[in-house]
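These numbers were taken from a predicted model, which means no experiment stands behind them. Nothing fancy with the numbering, it's 1 onward along the sequence. When a ligand or atom number is given, it counts from 1 through the structure's own listing order.
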Amino acid sequence: MAAQETVEHKYVYDFAEGNKDLKDLLGGKGANLAEMTNLGLPVPPGFTITTEACKAYLATGEEPDGLADQIAAHLASLERAMGRRLGDPQDPLLVSVRSGAKFSMPGMMETVLNVGLNDRSVVGLSAQAGGNDRFAWDSYRRLIQMFGKTVCEVPGEEFEHALDEAKRAKGTTNDLDLDADDLRGLVDEYKKIFLKHTGREFPQEPREQLDLAIRAVFESWNAERAVLYRRQERIPADLGTAVNVVSMVFGNLGPDSGTGVAFTRDPASGAQGIYGDYLANAQGEDVVAGIRNTVPLQELEQLDKKSYDELLRYMARLEGHYKDLCDIEFTIERGKLWMLQTRVGKRTAAAAFVIAGQLVDEGLIDLDEALHRVNGAQLAQLMFPRFQLDHEFQPVAKGIGASPGAAVGKVVFTSARAVELAAEGEDVILVRRETNPDDLNGMIAAKGILTSRGGKTSHAAVVARGMGKTCVSGADELDIDIPQRRFTVAGQTVTEGDIVSIDGTTGKVYLGEVPVMPSEVVQYFEGSLDPEHIDNALVRAVHRIMSHADAKRRLAVRTNADTGADAARARRFGAEGIGLCRTEHMFLGDRRELVERLILARTDDERDEALAALLPLQRDDFVEIFREMDGLPVTVRLIDPPLHEFLPPLEQLAVNVAVAQERGEDVAKEEALLAAVRRMHEENPMLGLRGVRLGLVIPGLFAMQVRAIVEAAVACAQSGGDPRPEIMVPLVGAVQELETVRAEAEKIIEEVTREKAVDVLIGTMIEVPRAALTAGQIAEAAQFFSFGTNDLTQMAWGFSRDDVEGAFFWRYLELGIFGISPFESIDRDGVGRLVRIAAEEGRAARPELKLGVCGEHGGDPDSVHFFHEVGLDYVSCSPFRVPVARLEAGRAVVETDGSDSR
Ligand code: PEP
Ligand code: MG
């Protein structure tokens, strides 16, 4: 018998073994380091430990079998390549240990630099650096600080405090003024802090340092802030992180060294050019943390032309290779350029559109790919309003426009306060000197973020851009006093609760509330900006990509609108009809009195009188809507909510009646009303007398509405219009309900259209699970189905749509029962299955059956993709989401069907 071969799981990949397509396994950073290595770019040698190893560790709490040996083998080969041994006392190899998940999670997980330093190798490092003791001791203290904080959970402030003390003793505020002796003393202090908190000496054994650092990176996947970030960014919780072990290069070896971040195009506007920040004589973490103010990358040309030119060459090479905006981290060690990271860079929504358009012009990608590279969430952001500025408003400070948008709110200085006030419904602006990952909760809660330090690549900027949140960073005129909760600027003091307005596009900061106006993209959709005739790269790019989406998409996009004004706006935004005209608002305001009469009617005549009074008002409502949507379908839904919603609340009425009785007033009418409200009271109104049930119980109600719709259509047709009414019956669960309403409606249609022929379709909402499951029968009586996914979700899950989101969804999200509220994005497996069944069985019974969706999901990007897959004819959503739905319907084609077209 052949010997059983045991194949060992491969957990470690040398950079030369990977490539950019292995992100699942090597994480984004590892895969891209491998890609750059294979492109021949100068990447410090190293290896990547896979996400599989991380997952195995997190599942068991132990490194998987074979991992330690594989690390040893790769370390040995790294040592051979570098001609140095890890932590060697004479000539040490040092490594960094860096996290790197599939999706970038800036600053969320851990990094430890300078692993391999100890009491002996620090001397060797100094010799390597030409006798630079200061550098060696500074590197050692950084290791103890990062290792202590990251691996052993020593409170970071203790190290910060010791560093501040050392500077104070020296009479300086600048780290660079500390000399080798000061730093040696600081190392001793740091070791004491380490011992105090961990009960053990700082580990001197290099391999132990390495193993502990790797373990800490694995564990940082489940750190609270990382979990929170993933939830916010909808990154799956089970991916795990890879760990990159990279030989150290140093940007802090003197003025001919430094470190920086570069973008191949402007990540804020998309403009072509060289963008980035550079910091001489520093390590990478100093730039990202925004601790010291950087200089623009262009200044590197003066400082080190050779490295600068080389960097530009690599940037062009990377952009051509990735066919996209790349962001790059690099270090210069004594005049030698090293590439430490690249990835397809995060960008603002505006930049996403502009860059996609440019890349098409440059022939690097086609329009399908351009469509794939933008998304509806970005388009929605571009539709946010802008500041309307006149001379009344002068900025008090100007920082860097780090993440665009116009945000107005009350100033808060701590993450906790931001969360608190936001929970009370206040708009807040989080003001910090700089942010760090502990501020994440506050950043999520705030409308905007304002910092006094840091560039476009600071933590605040990167995270805010990722969230699509307005951010101004590096507004250094602001003198911020966090403990006192105030800042001063231009001679004025702003305290917590004062209102400021920040413009994330221009970086300007205003005191007080600046009014806002529609964005350029909205002006374009409104038709007031002509993309062919204006010099606006964003509007042109949006126009081009939207046109392509429209050409590609198979789903039509309608709107939910119940006023002429909404219908008109939605039409300008590209709506191809109305998918849901709710009629309930037409029973409010001064028509309440008629509704009361209808409900209180004691005789048929009284009821008919009330209905007759409502008829002309309803007819006028519909005439206006048909005119605005002339030539396009308008689905009018017969009244849905329970009638008692149109009456005063029970408690209030009871009190009023009691008080009036007390005063001896005539309360006969109020008493009748009270009795009616009591009679109609329901424990579960959502499951009670509403929708079609109401139409079957109150004689003449639906008939009046049908007559108003058809008379309005006839009137429009008679005056030369082209009305396309579709009458929709809500909450149907059984075909018999629909048949009853339909028989009555058909009689009215027949009678009213005798004057002038108008086609009127009759269909139903599918929003009760039973309707979905008996769709084959229901289709016999319906010319169209419109999925009411709000109610369908409510009834499929048994979740009260008015209560549960605020009540307990946080727990469901925390437990991962779902990643997003099923009221926001369609639950494909459950509610989606009902939609699929109904679509298939409905079409089987009636092939020409028209299928649409009019629940909130009709404007949700992910749900639009689902409805495309199921093969619906249209989605319908609120006017502002129409462009988003058009875009996503186009994207659904290029993503699911490849080359399909309309
Ligand atoms: C629905 O239930 O999805 C729907 C569109 O109707 P409404 O939201 O008015 O109940
Ligand atoms: Mg409904």
Side-chain angles (χ1 to χ4, degrees), residues 557-563 566 570 575 577-588 625 633-646 682 684-695 702 705 726-733 737-738 741 763-772 775 778 782 784-805 821-828 830-832 834-835 838-839 850-860 863-864 866-867 870 872-879 881-882 885:
V557 177
R558 297 197 197 174
T559 191
N560 294 358
D562 40 18
T563 64
D566 273 358
I578 290 182
L580 174 63
C581 171
R582 292 184 169 101
T583 53
E584 25 288 358
H585 89 106
M586 300 169 183
F587 290 78
L588 298 173
I625 290 169
V634 174
T635 307
V636 182
R637 183 182 71 188
L638 304 180
I639 189 163
D640 178 12
L643 278 187
H644 71 76
E645 284 198 9
F646 302 95
E682 292 174 319
N684 287 307
M686 274 294 185
L687 302 178
L689 181 59
R690 53 173 286 218
V692 66
R693 305 161 195 175
L694 204 56
F702 275 12
Q705 287 200 293
E726 302 181 343
I727 294 174
M728 179 153 77
V729 184
L731 226 73
V732 164
E737 292 170 312
L738 182 61
V741 175
T764 180
M765 297 201 61
I766 301 289
E767 52 183 347
V768 175
R770 189 179 189 284
I778 293 179
F784 64 88
F785 283 174
S786 179
F787 291 96
T789 46
N790 304 332
D791 273 308
L792 199 56
T793 302
Q794 165 166 270
M795 294 188 227
W797 281 89
F799 282 154
S800 159
R801 58 194 263 199
D802 299 321
D803 302 313
V804 290
E805 287 188 282
S821 159
F823 286 108
E824 211 178 304
S825 195
I826 191 94
D827 151 37
R828 290 178 179 235
V831 180
L834 289 170
V835 172
K850 232 193 310 184
L851 297 174
V853 56
C854 62
E856 280 306 300
H857 304 83
D860 167 67
S863 311
V864 170
F866 174 75
F867 299 130
V870 174
L872 301 193
D873 296 301
Y874 67 87
V875 295
S876 186
C877 55
S878 61
R881 297 220 276 179
V882 165

Novice: Phe785 vs Phe787 aromatic rings, parallel, tilted or perpendicular, using cut-offs 30° and 60°?
Specialist: perpendicular
Novice: What atom name does the N, O or S atom of Glu767 nearest to the Mg ion (ligand 2) carry?
Specialist: OE1
Novice: Under the side chain to side chain contact (heavy atoms under 4.5 Å, CB included) test, which residues partner Ala772, sequence neighbours left out?
Specialist: Ile766, Leu834, Ala838
Novice: Please name all residues satisfying side chain to side chain contact (heavy atoms under 4.5 Å, CB included) with Asp566, sequence neighbours left out, ordered by chain then number.
Specialist: Ala561, Thr563, Pro879
Novice: Excluding sequence neighbours, so at least two apart, what forms side chain to side chain contact (heavy atoms under 4.5 Å, CB included) with Ser876?
Specialist: Arg558, Asn560, Cys854, Tyr874
Novice: Once you restrict both partners to nitrogen or oxygen, which atoms of ligand 1 have a protein partner under 3.5 Å, and how far apart are they?
Specialist:
| from | atom 1 | to | atom 2 | distance (Å) |
| --- | --- | --- | --- | --- |
| ligand 1 | 2 (O) | Glu767 | OE1 | 3.0 |
| ligand 1 | 2 (O) | Asp791 | N | 2.9 |
| ligand 1 | 2 (O) | Asp791 | OD2 | 3.0 |
| ligand 1 | 3 (O) | Gly788 | O | 3.3 |
| ligand 1 | 3 (O) | Thr789 | N | 3.0 |
| ligand 1 | 3 (O) | Asn790 | N | 2.7 |
| ligand 1 | 3 (O) | Asn790 | ND2 | 3.2 |
| ligand 1 | 6 (O) | Arg637 | NH1 | 2.9 |
| ligand 1 | 8 (O) | Arg582 | NH2 | 2.8 |
| ligand 1 | 8 (O) | Asn790 | ND2 | 2.9 |
| ligand 1 | 8 (O) | Arg801 | NH2 | 2.7 |
| ligand 1 | 9 (O) | Arg582 | NE | 2.8 |
| ligand 1 | 9 (O) | Arg582 | NH2 | 3.2 |
| ligand 1 | 9 (O) | Arg637 | NH1 | 2.9 |
| ligand 1 | 9 (O) | Arg637 | NH2 | 3.0 |
| ligand 1 | 10 (O) | Asp791 | OD2 | 3.0 |
| ligand 1 | 10 (O) | Arg801 | NH1 | 2.9 |

Novice: So do the side chains of Phe784 and Thr635 get within less than 4.5 Å of each other, counting heavy atoms only?
Specialist: yes
Novice: In Asp791, the N, O or S atom nearest to the Mg ion (ligand 2) is which?
Specialist: OD2
Novice: Using 2.8 Å as a strict upper limit, say whether an N, O or S atom of Asp640 approaches the Mg ion (ligand 2) that closely.
Specialist: no
Novice: Are any of the side-chain heavy atoms of Thr559 and Arg881 separated by less than 4.5 Å?
Specialist: no
Novice: Val768 versus Glu737: any side-chain heavy-atom pair under 4.5 Å?
Specialist: no
